[in-house]
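Being a predicted model, the structure only gives us computed values, none of them experimental. So you know, we letter chains A, B, ... as the sequences are listed, proteins then strands, and number each from 1.
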Number of protein chains: 2
Amino acid sequence: MDTTQRTDQQRSADRRRRELLEAADRVVLRDGPQASMNAIAAEAGITKPILYRHFGDKGGLYAALAKRHTDALLDSLRAALDAPAERRERVEATLDTYLAAIEARPQVYRFLMHPAEAGQVGDQGFDVGKHSWPLLRRMGEELAQVIEERLDLGPGSQQLARVWGHGIVGMMHAAGDWWLGERPCPRDELVRSLADLLWGRLAAAGDKVGGPGF
Amino acid sequence: MDTTQRTDQQRSADRRRRELLEAADRVVLRDGPQASMNAIAAEAGITKPILYRHFGDKGGLYAALAKRHTDALLDSLRAALDAPAERRERVEATLDTYLAAIEARPQVYRFLMHPAEAGQVGDQGFDVGKHSWPLLRRMGEELAQVIEERLDLGPGSQQLARVWGHGIVGMMHAAGDWWLGERPCPRDELVRSLADLLWGRLAAAGDKVGGPGF
DNA sequence: CCGACGGTGTTACTAACGGTAACACCGAGT
DNA sequence: ACTCGGTGTTACCGTTAGTAACACCGTCGG
């Protein structure tokens, strides 16, 4: 029958695809994001055209690769975000989950977020714009949804939730990126500082020298 | 004398360098960040090796180009941040200055922040990692300094200020990036929403359905 | 048994890029 | 006259993404 045949072929194609993805993963995590298609093909034990047949172009391979990691990270974040706990606890747990993830696998993180970095001679890394940003965008949108469906924000709540979603994700991202590079403090301290910021400690702090007008 | 001669030559060299930078600016703003060195040289009416003599490599040209815009943006931000006004006003003014800047010249912004985007066929854009991030880092550090020298944050204030500096900058950046792409609301509304977030409205908001424990 | 077909794989190539010699010109100083 | 520093060129190298064109092999339909 056509179906059984097709199923068989599809199965083997999918397995092949997964193997190729894992090989690509190894190379990218070892050589950095500027890994060439040749190198990836070599790691997989094949040659370039097969990669192109499976993924179209380098962006396609990148997208498939990024999707795996992005989905995994988003799953953990959702779990932390949906836990039955106080809001502050949930926020801290989510921040901590994200930071723990980028701390545990900085190479994956740098691949997803700074794909063109570490390229020393030819800087033709993977293309960033179309594929790494979706991670931040997806996180922002998901957070916005959670905010909007859980918090009572009055009129314009949807817009507000989206602004906050993207803003909070950006805060987490930038602070995490800086923290990962300099490691100025333990993780839980960073988590507390960021949660404090979100809890309005910036507005509540007193001025240092002049009056409040200055 | 050596000095006068040198001065003359240095002057002409600096003028040439500025001309080349302006040509590069035009090309980058027209063709996007994946502009090739050949294209830039052609726009300047010369050929590649001269560019390399002036800027070393593509990263050097990028860095010089980015430094101009970055310095300009940082100057405006400093002005807004140092204005003699209430804290909330200063925060809103700074947010608005940044957002106005990226709104007025989105191509410059996209060049500074997403240099590898818009590359359709060959994705060898400028190298991001080493040169575009310094903008965010510099903004974060400057903001941290301002926070630390103006606010009374108690013990660990320096660390806290740095976390907040980078976090707030990241919030502004991510929200601005999203806003610039979707334009879901006028600028002042975005500014207000972000300031509200920093002012603790997230923590103060009531839950929507279940009790506060959920 | 045999030719067509779809899948996997290869070699060999193109076009473009970043970057680099090697050489040519030209004005100023000794 | 003759070097020296700066500007400019052509022509090249090595690497990269991406693409034909061809070969092999198991499975069908006749």
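For A:Ala44, the side-chain contact (heavy atoms from CB on, under 4.5 Å) partners are A:Leu20, A:Ala23, A:Ile46, not counting sequence neighbours. Listed by chain and number, the residues in a side chain to side chain donor-acceptor pair (under 3.5 Å) with A:Glu182 are B:Arg162 (sequence neighbours excluded). Evaluation of the side-chain contact (heavy atoms from CB on, under 4.5 Å) rule for A:Gln145 yields A:Glu149 as partners, not counting sequence neighbours. For B:Trp178, the ring pair (Phe, Tyr, Trp, His ring centres under 6.0 Å) partners two or more places apart in sequence, or in a different chain, are A:His166. Remark: B:Val169 pairs with B:Leu136, B:Met139, B:Leu143 by the side-chain contact (heavy atoms from CB on, under 4.5 Å) rule, at least two apart or across chains. Remark: B:Asp82 engages B:Arg150 in a side-chain contact (heavy atoms from CB on, under 4.5 Å) (not counting sequence neighbours).
Summary of helix geometry: the two end axes of the helix from C:dC1-D:dG30 to C:dT30-D:dA1, each defined by five base pairs via their C1' atoms, are inclined to each other by 30° (rounded to 10°).
Distance B:Lys58 NZ to C:dA16 C1': 11 Å, rounded to the nearest Å. Between the CG atom of A:Asp57 and the P atom of C:dA15 there is a distance of 20 Å, rounded to whole Å. The CZ-C1' distance, from B:Arg17 to D:dG8, rounds to 19 Å in whole Å. One interatomic measurement links the two molecules: CZ of A:Arg15 to P of C:dT8, which rounds to 12 Å at whole-angstrom precision. Rounding to whole angstrom units, CG of residue B:Asn38 and C1' of D:dT10 are separated by 13 Å. Following rounding to the nearest Å, A:Ile40 (CD1) and D:dG18 (C1') show an atom-to-atom distance of 14 Å. Nucleotide C:dG18 holds its P atom 10 Å from the CD atom of B:Gln34, rounded to whole Å.
Comparing D:dT7, D:dA17, C:dG18 by their nearest atom to the side chain of B:Arg16 picks out D:dT7.
Put simply, the residue from B:Leu77, B:Ile168, B:Val191 that forms a side chain to side chain contact (heavy atoms under 4.5 Å, CB included) with B:Leu95 is B:Val191. Here the rule is side chain to side chain contact (heavy atoms under 4.5 Å, CB included) with B:Val108, and of B:Ile102, B:Leu65, B:Leu29 only B:Leu29 fits it.
Applying the side chain to side chain donor-acceptor pair (under 3.5 Å) test to residues at least two apart or on different chains, none of the pairs has a partner in residues 44-55 of chain B.
Less than 4.0 Å separates DNA chain D from at least one heavy atom of each of the following residues of residues 47-55 of chain B: B:Thr47, B:Pro49, B:Ile50, B:Arg53.
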